Amino acid sequence: MGLLSDPSLSTHNKLVDNLAKHVRKVCYALYIAGVVWFLCLALPEFNHGTYLSENALSPGLVYPEIRIDANRLAAQLLDELQRERKDHQSTTPHAWIAAKFNEFGLETHTHNYTLRYPFGGGKEFQGKNIYGVLRAPRIGSTEGIVFSAPYRVPSSVHVDITPSVPLLLAFADFARRKNYWAKDLIFLVTEQEQLGMQAWLEAYHDGDKESDNSNAYLRAGNLPARAGSLQAALNIEVQDLEVDYIDVKIEGLNGKLPNLDMFNLVQRIMAREGVTSGYKQSPRKKRRSNLSNFEQNLRQMLSMLSTQSSGVPNGNHGLFHRYRIDALTITASKRLTNANVKSNPNSAAVPLLKAIEGIARSLNNLLERFHQSFFFYVIVNNDRYISIGDYMPALIALVACTFIKAYLTWSTLDASVSASGSDKPKSASESVKLSLPYGSVLIFFTVALLIGYCGNVLPLQEYFLELPLTAAPLTASILVGLTLMGLLLPFVVILPPGGLELLHIGMLLIYGCALIVIGLLNFSLGFFVAVISVPLMIALNTSTRNNSMRNLTRAWTLLLNPLVVIYGIVLIMSFYQFPELTLQQLLLRAATASMDAATFALIDSVIYGNWLYFVICTIFLPLWIICWTLALAKRRDTEVPQNKLKTN
């Protein structure tokens with residue numbers, strides 16, 4: 001036992017010293033392992049087949065009851081609505097929609113809301129939603145299901161989805177003839193896309209709360225009537241009654257997803273009705289590809305992560321998730337047929353109506369909210385998925401690099417200080433620890449955070465809104481000004497000896513914790529940020545004397561500035577969408593689009609609660625300022641020799 005407890009035989013310091021000498025190799029090995037693990041998830045051996053965890057969803061798979069008369073009603077209502085649209089080029093025919101709800105025996109109500117545009121100088125815009133409630137005949141109004149359809153005016157720049165409303169009305173007429181509903185059915189037609197849905201949801205859940213909404217940008221108002229606690233929602237977007245394929249949209253606000261059981265339910269019911277459907281489904285011609293299964297799966301994964309990382313919902317369903325309501329959107333694309341091919345319009349919408357009936361009957365049979373399957377997953381294929389337990393190790397391996405480097409940097413700092421001290425290394429190390437400039441580093445952290453926080457506050461202040469600038473240039477000018485302040489901060493504030501080392505350790509710890517938290521809330525955003533920024537964290541070294549490496553690190557840091565990254569992403573997207581533009585036109589268009597993207601992100605933050613803009617300003621920008629300070633490595637070396645404190 002004496003051999004085991006002899007301190008002279010301890011290998012702790014040797015192990016730490018050896019790891020510190022090869023810290024970059026260890027971190028890069030972890031980085032490569034994390035990326036390779038993520039790539040392997042596209043292989044069938046690393047993902048799983050989809051299945052229904054909730055047996056209560058099975059009634060929707062029974063023989064449907066909708067007949068061809070529902071299709072005739074939908075076609076008739078579509079003709080009537082098309083005539084109404086001629087008289088409402090820029091408005092919604094509220095009276096016609098409300099009259100049809102009343103005609104079908106629904107409890108019809110109108111919901112009014114007001115938007116105070118943040119950059120409108122006090123201008124207000126009015127909106128109106130129409131909804132009808134079918135009360136459950138078998139139980140009191142304790143639970144409800146929402147079936148919604150957005151209405152787009154003829155002057156809208158988006159794809160025409162006029163048939164969505166007639167299809168919703170046809171299903172409402174069918175549903176009110178049945179007596180097996182155990183939940184209230186709400187049929188909702190929203191105005192102004194997601195703005196109307198956000199107002200309706202706020203009014204449904206928070207409308208009765210007594211609060212001062214005078215300063216709110218979206219005044220949701222109150223609803224005349226409600227149903228029970230909302231269990232699920234289905235948003236319908238139909239381009240034509242003759243459907244080619246169904247694209248199932250699941251991404252919600254801040255990257256949230258509906259329960260996987262709901263997605264699997266829609267897939268199975270669509271397959272039963274013979275309707276081609278899937279996640280990010282494309283036309284048949286585009287699906288023909290010579291790519292291998294691995295490449296197709298990897299593209300599907302990256303496509304989902306790219307959509308999810310922005311935090312912007314790709315349909316009205318995405319706003320339900322913040323209220324713990326599982327929802328998705330089914331987008332029916334128009335069938336393109338040749339002139340010689342005759343279609344049967346009398347039964348074109350029957351399969352889709354039967355699918356909606358099956359989904360409604362399955363949701364009606366739920367005894368409790370969705371809970372058995374996954375809420376965090378990645379779709380690999382229409383029948384394959386990756387659970388959170390499989391994809392999180394990739395992010396953990398990337399983030400582990402920062403914690404390992406922080407520990408080895410701190411341990412090597414202690415060892416070097418102790419070795420260069422007196423006959424009592426331990427006490428010398430402790431005295432130097434106490435003399436490190438903790439206060440100066442804390443003040444520097446605070447200043448960096450304040451610079452980032454100003455990006456959230458200043459664009460909405462009245463004295464800035466009074467400037468003769470529109471919304472996009474104003475927001476972009478403030479963000480550029482704050483970035484310039486971060487660029488100049490290391491030249492104005494120079495840390496005392498030991499400050500850069502301490503700042504480096506603190507930055508690594510904060511960066512790692514921030515990525516873990518972001519990855520748990522939105523894995524896509526955390527993973528992409530880790531992939532592009534972790535190599536820089538590994539390469540940063542405040543004590544390096546290699547000028548080439550130092551200049552490379554500085555250039556790398558400048559390229560990873562949040563504004564530069566946003567501009568680069570927009571530039572790449574513009575290149576693929578507008579290949580006919582010249583280089584100068586492409587650069588100008590990307591600059592304009594980047595300013596608009598920053599403005600829209602701020603508006604989404606204050607109206608919908610999208611926290612991407614907040615994360616960029618409050619977390620990523622301050623961390624970048626600290627990285628830029630470490631890359632410059634400016635310090636006061638007058639009090640202590642430079643080789644007194646070393647880091648690896």
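All values derive from a computational prediction rather than experimental measurement. Sequence positions, counted from 1, serve as the residue numbers for this chain.
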Worksheet item: Any donor-acceptor pair under 3.5 Å linking the side chain of D383 with the backbone of G49?
Response: no
Worksheet, complete the sentence: When F374, F263, Y377 are each screened for ring-ring contact (aromatic ring centres under 6.0 Å, His included) with Y385, the one that passes is F374
Worksheet item: Is there a side-chain contact between T50 and N382 (heavy atoms, below 4.5 Å)?
Response: no
Worksheet entry | Residue pair C27 / K405: nearest heavy atoms and the distance that separates them | SG-CB, 4.2 Å
Discussion item. Check this for me: F376, atom CZ, are more than 12 non-hydrogen atoms of other residues, nucleotides or ligands nearer than 6.0 Å?
Written reply: no
Worksheet item: Within a reach of under 6.0 Å around CE of M549, are more than 12 heavy atoms found that belong to other residues, nucleotides or ligands?
Response: yes
Discussion item. Any non-hydrogen side-chain atom of T402 less than 4.5 Å from a side-chain atom of V399?
Written reply: yes
Worksheet item: Can you tell me if Y438 uses its side chain to pair, donor with acceptor, with the backbone of L502 under 3.5 Å?
Response: no
Fill in: Backbone of S53 reached by a side-chain donor or acceptor of D261 within 3.5 Å
yes
Worksheet entry | Residues H205, L230; criterion side chain to side chain contact (heavy atoms under 4.5 Å, CB included); working and verdict | CA-CA 10 Å; H205 294 89; L230 302 182; 4.2 Å; yes
Discussion item. Looking at every heavy atom in both G34 and A394, which two are closest together, and how far apart are they?
Written reply: O-CB, 3.5 Å
Fill in: Reported CG-to-CG distance for the pair L260 and L52, which is rounded to 0.5 angstrom
9.0 Å
Discussion item. Looking at R369 and R324, would you say the former's side chain and the latter's main chain have a donor-acceptor pair under 3.5 Å?
Written reply: yes
Practice prompt. Identify the heavy atoms of A448 and I626 that sit nearest to each other, and give their distance.
Written response: CB-CG1, 4.4 Å
Worksheet item: Distance from L449 atom CG to F444 atom CZ, nearest 0.5 Å?
Response: 11.0 Å
Item to complete: Kindly indicate, with the supporting measurements, whether the criterion side chain to side chain contact (heavy atoms under 4.5 Å, CB included) is fulfilled by L587 and Y567.
Response: CA-CA 9 Å; L587 295 175; Y567 180 78; 3.4 Å; yes
Worksheet item: Under 3.5 Å, side chain of N561 to main-chain N/O of T557, donor-acceptor pair present?
Response: no
Practice prompt. Mind running side chain to side chain contact (heavy atoms under 4.5 Å, CB included) on I386 and M301 for me, showing each step along the way?
Written response: CA-CA 9 Å; I386 305 168; M301 293 165 54; 3.8 Å; yes
Worksheet item: Going by heavy atoms in the side chains, are W628 and L623 under 4.5 Å from each other?
Response: no
Fill in: Non-hydrogen atoms of S310 and L612 that approach each other most closely
O-CD2, 3.2 Å
Worksheet item: Between R554 and L632, is any pair of side-chain heavy atoms under 4.5 Å apart?
Response: yes
Worksheet item: So do P258 and H317 actually touch side chain to side chain, heavy atoms under 4.5 Å?
Response: no
Worksheet item: Are the side chain of T307 and the backbone of S303 linked by a donor-acceptor contact shorter than 3.5 Å?
Response: yes
Discussion item. Closer than 3.5 angstrom, by distance alone: can the side chain of R589 be matched with the main-chain N or O of S574 as a donor-acceptor pair?
Written reply: no
Worksheet item: Rounded to the nearest 0.5 Å, what separation is found between the CD atom of Q281 and the CD atom of Q267?
Response: 8.0 Å
Worksheet item: Rounded to the nearest 0.5 Å, how far apart are OG1 of T475 and CE of M595?
Response: 10.0 Å
Discussion item. In the structure I gave you, are the side-chain heavy atoms of W410 and L509 within less than 4.5 Å of one another anywhere?
Written reply: no
Worksheet item: Is there a donor-acceptor contact under 3.5 Å from the side chain of D247 to the main chain of S282?
Response: no
Discussion item. Just verifying a value: how many Å separate L305 CG and Q300 CD, rounded to the nearest 0.5 Å?
Written reply: 10.5 Å
Discussion item. Please check if the number of heavy atoms outside F403 that lie under 6.0 Å from its CZ is greater than 12.
Written reply: yes
Discussion item. Can you confirm whether F445 sits close enough to L503 that some side-chain heavy atom of one is under 4.5 Å from a side-chain heavy atom of the other?
Written reply: yes
Worksheet item: In a check of side chain to side chain donor-acceptor pair (under 3.5 Å) between N314 and each of K249, Q194, E251, which one passes?
Response: E251
Discussion item. Would you say CZ of F575 has more than 12 non-hydrogen atoms from neighbouring residues, nucleotides or ligands within 6.0 angstrom?
Written reply: no
Worksheet item: If you look at every heavy atom in C617 and P622, which pair is closest and at what distance?
Response: O-CD, 3.1 Å
Worksheet item: Under the side chain to side chain contact (heavy atoms under 4.5 Å, CB included) criterion, do K256 and F375 qualify, and how do the steps go?
Response: CA-CA 8 Å; K256 293 183 178 180; F375 290 94; over 6 Å; no
Worksheet entry | Gap between atom CG of L460 and atom CD1 of I603 - 0.5 Å precision | 9.0 Å
Fill in: Polar side-chain atom of N254 near backbone of G609 as donor-acceptor pair, under 3.5 Å
yes
Worksheet item: Are side-chain heavy atoms of N610 and V312 found at a separation under 4.5 Å?
Response: yes
Worksheet item: So, D596 and T599: side-chain donor and acceptor under 3.5 Å apart, yes or no?
Response: no
Discussion item. For W37, is the CH2 atom crowded, meaning more than 12 foreign heavy atoms sit under 6.0 Å from it?
Written reply: no
Worksheet item: Which heavy-atom pair separates I379 from I250 by the least distance, and what is that distance?
Response: CG1-CD1, 4.1 Å
List the atom pairs, with distances to 0.1 Å, where a side-chain N or O of residues 513-540 and a protein N or O form a donor-acceptor pair under 3.5 Å, not counting sequence neighbours.
from, atom 1, to, atom 2, distance (Å)
N522, OD1, S524, N, 3.4
N522, ND2, Q308, O, 3.1
S524, OG, Q308, OE1, 2.9
S533, OG, Y511, OH, 2.3
S533, OG, V529, O, 2.4

Discussion item. Taking N264's backbone N and O only, do any of them form a donor-acceptor pair with Y51's side chain (distance below 3.5 Å, no angle check)?
Written reply: no
